[in-house]
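To start, the structure itself, in structure tokens.
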Number of protein chains: 2
Amino acid sequence: MRRNSKSTAETVERGHFNDYLGRHNLRRTQERIRILQEVFSTHDHFDVETLLFRLRRKKHLVSRATIYRTLKHLLDSKLVRQVDLGRNRAFYEHALGRENHEHLVCVACGKVVEFSTVTIQKLQNFVCEEFNFRPVRHSYQILGTCESCQSSS
Amino acid sequence: MRRNSKSTAETVERGHFNDYLGRHNLRRTQERIRILQEVFSTHDHFDVETLLFRLRRKKHLVSRATIYRTLKHLLDSKLVRQVDLGRNRAFYEHALGRENHEHLVCVACGKVVEFSTVTIQKLQNFVCEEFNFRPVRHSYQILGTCESCQSSS
DNA sequence: TTGCTATTGCGTCTCATTCTCAATATGAGC
DNA sequence: GCTCATATTGAGAATGAGACGCAATAGCAA
Ligand SMILES: [Mn+2]
Ligand SMILES: [Mn+2]
Ligand SMILES: [Zn+2]
Ligand SMILES: [Zn+2]
């Protein structure tokens with residue numbers, strides 16, 4: 001008896017989210033559901049304004065404050081990751097089958113390219129062992145100009 | 001006929017700075033000299049408030065606006081580098097004989113450990129070649145807890 | 001010394017993010 | 001389904017880093 005399901009992925013995330021809400025005595029509100037839905041329906045790197053705009057376009061009215069608050073929960077539950085794109089505001093991406101990747105950012109047009117490598121993880125282990133640090137997270141971005149922005153200069 | 005010189009390093013930097021000012025039609029003001037002096041008299045990672053405080057302690061009154069403006073010139077002239085320490089504001093360090101190093105930051109006490117590696121540079125070259133990017137700069141930090149902050153938890 | 005103009009300091013502005021609080025919605029227990 | 005304690009929301013104010021405008025001032029070349 002299956003519904004007109006969108007994707008198993010979405011179902012999984014919704015499950016994780018419900019679990020998280022349960023464990024923290026948080027309520028399953030319309031706003032949180034809609035934000036989760038929107039975040040997992042796209043696969044790009046977005047900021048708060050973009051998310052707000054997308055929700056408004058769908059007539060899913062959610063306040064800016066609630067978006068900030070919900071994103072904090074999504075970060076805490078590891079469903080969403082924060083990304084530093086060298087801008088003056090935070091960007092986010094959902095964390096579904098996109099583990100361990102880094103970013104290449106074009107400083108001219110803003111284009112973002114993802115790449116994976118084991119190098120970063122190895123280096124982190126090595127360095128943390130040497131200095132007796134317990135790693136929590138890392139942040140790595142390469143900023144530069146993409147191919148098309150180079151030719152048009 | 002040598003003066004009571006503080007260090008050759010300082011002299012070198014002052015030279016670079018004067019060159020930079022000359023090339024850009026900028027004046028050699030008291031404020032700029034004092035900021036340069038203060039920045040090169042310490043070897044840590046500082047933010048604007050800290051720099052302001054240190055200058056005030058020495059009765060070298062410089063406004064916040066001038067510090068921001070001068071730091072921009074110091075960045076532009078490559079005498080100072082900006083460092084991302086995972087906080088919500090910019091940190092800086094002077095760039096004298098401290099090329100190509102990365103940072104390990106304790107999220108508990110704020111301690112910063114520097115480390116050098118050729119790995120990052122190699123990786124950057126490799127990735128940029130693959131995606132036809134022209135690299136401008138990179139940012140890499142490992143956030144975690146230092147040894148003493150681990151034991152006191 | 002003069003005069004042009006780069007620079008400063010102060011206050012104001014912007015922009016992202018957080019906070020406050022009264023009104024509202026959620027969900028457990030009945 | 002209804003009640004009620006309380007988690008949550010939205011609107012707007014508050015905050016904090018940093019940029020900016022402008023009148024007063026200081027560098028510096030002539
Ligand atoms: Mn990504
Ligand atoms: Mn450093
Ligand atoms: Zn580009
Ligand atoms: Zn520590």
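These figures come from a predicted structure and were not determined experimentally. Quick note on labels: first sequence line is chain A, next is B, and so on, each numbered from 1.
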query = Does B/R137 CZ have over 12 foreign heavy atoms under 6.0 Å away?
reply = no
key: Strand-adjacent residues in residues 15-26 of chain B, judged by heavy atoms under 4.0 Å from DNA chain C   = B/N25, B/L26
inquiry  = Checking B/Y68 now: which residues fulfil side-chain contact (heavy atoms from CB on, under 4.5 Å) with it, not counting sequence neighbours?
reply    = B/V48, B/R64
task = Using five base pairs at each end, measure the axis-to-axis angle across the helix from C/dT1-D/dA30 to C/dC30-D/dG1 and round it to 10 degrees.
result = 30°
Chain B contact limits on DNA chain C, taken 5' to 3' with a cut-off of 4.0 angstrom to heavy atoms = C/dT5 to C/dC10
ask   = Within this structure, what is the CZ-to-P distance between A/R27 and D/dC4, rounded to whole angstrom?
value = 15 Å
query = Less than 4.0 Å between a side-chain N and a carboxylate O, is that true for B/K58 and B/E38?
reply = yes
message = Taking 4.0 Å as the cut-off, does a side-chain nitrogen or oxygen of A/R64 come that near to OP1 or OP2 on D/dA11?
response = no
message = Rounded to whole Å, how long is the line connecting atom CZ of B/R34 with atom P of D/dA26?
response = 12 Å
message = For B/N100, I'd like to know if atom CG has over 12 heavy atoms of other residues, nucleotides or ligands within 6.0 Å.
response = no
What donor-acceptor contacts under 3.5 angstrom involve side-chain atoms of residues 119-129 of chain A, with partners at least two apart or in another chain?
unit_1	atom_1	unit_2	atom_2	d
A/T119	OG1	A/T117	OG1	2.8
A/Q124	OE1	A/H138	ND1	3.0

ask   = What is the minimum heavy-atom distance between B/V62 and B/L52, and which atoms define it?
value = O-CD1, 3.3 Å
task = Write down the atom of A/V136, the atom of B/T145, and the distance for their closest heavy-atom approach.
result = CG2-N, 4.5 Å
remark   = Hits for side chain to side chain donor-acceptor pair (under 3.5 Å) against A/N132, two or more places apart or cross-chain, chain-then-number order -> none
ask   = Among D/dA17, D/dG27, D/dA7, which is the nearest nucleotide to the side chain of B/Y68?
value = D/dA17
query = Pairs in or reaching into residues 102-122 of chain B: which pass ring-ring contact (aromatic ring centres under 6.0 Å, His included), with residues at least two apart or in two chains?
reply = B/H45-B/H103, B/H101-B/H103
For residues 81-88 of chain B, run the donor-acceptor check on the side chains, cut-off 3.5 Å, and write out each pair with its distance to 0.1 Å, sequence neighbours left out.
unit_1	atom_1	unit_2	atom_2	d
B/R81	NH2	B/R98	O	2.5
B/D84	OD1	B/G86	N	2.8

Interface with DNA chain C, restricted to residues 76-93 of chain B and to heavy atoms under 4.0 Å = none
ask   = Given D/dT8, is OP1 or OP2 found less than 4.0 Å from the side-chain N or O atoms of A/T29?
value = no
remark   = Within residues 40-58 of chain A, those residues having any heavy atom closer than 4.0 Å to DNA chain D are none
task = Can you figure out which of D/dG10, D/dT8, D/dG27 approaches the side chain of A/R69 most closely?
result = D/dG10
inquiry  = Do A/H24 and A/H73 make a side-chain contact, defined as non-hydrogen atoms from C-beta onward lying under 4.5 Å apart?
reply    = no
query = How is the hydrophobic cluster of A/F53 composed, in terms of its other members, when Ile, Leu, Val, Met, Phe, Trp and Tyr link through side-chain heavy atoms under 4.5 Å apart, directly or indirectly?
reply = none
note = Contacts of A/Q141 meeting side chain to side chain donor-acceptor pair (under 3.5 Å) (sequence neighbours excluded), chain-then-number -> A/S139
note = Note: B/F133 and A/G144 closest approach over all heavy atoms is CD2-C, 4.2 Å
ask   = Can A/R32 and A/F17 be said to form a side-chain contact (heavy atoms from CB on, under 4.5 Å), step by step?
value = CA-CA 9 Å; A/R32 285 173 180 162; A/F17 193 48; 4.0 Å; yes
side-chain contact (heavy atoms from CB on, under 4.5 Å) between A/L21 and A/R27, intermediate numbers included = CA-CA 6 Å; A/L21 294 178; A/R27 294 178 180 172; over 6 Å; no
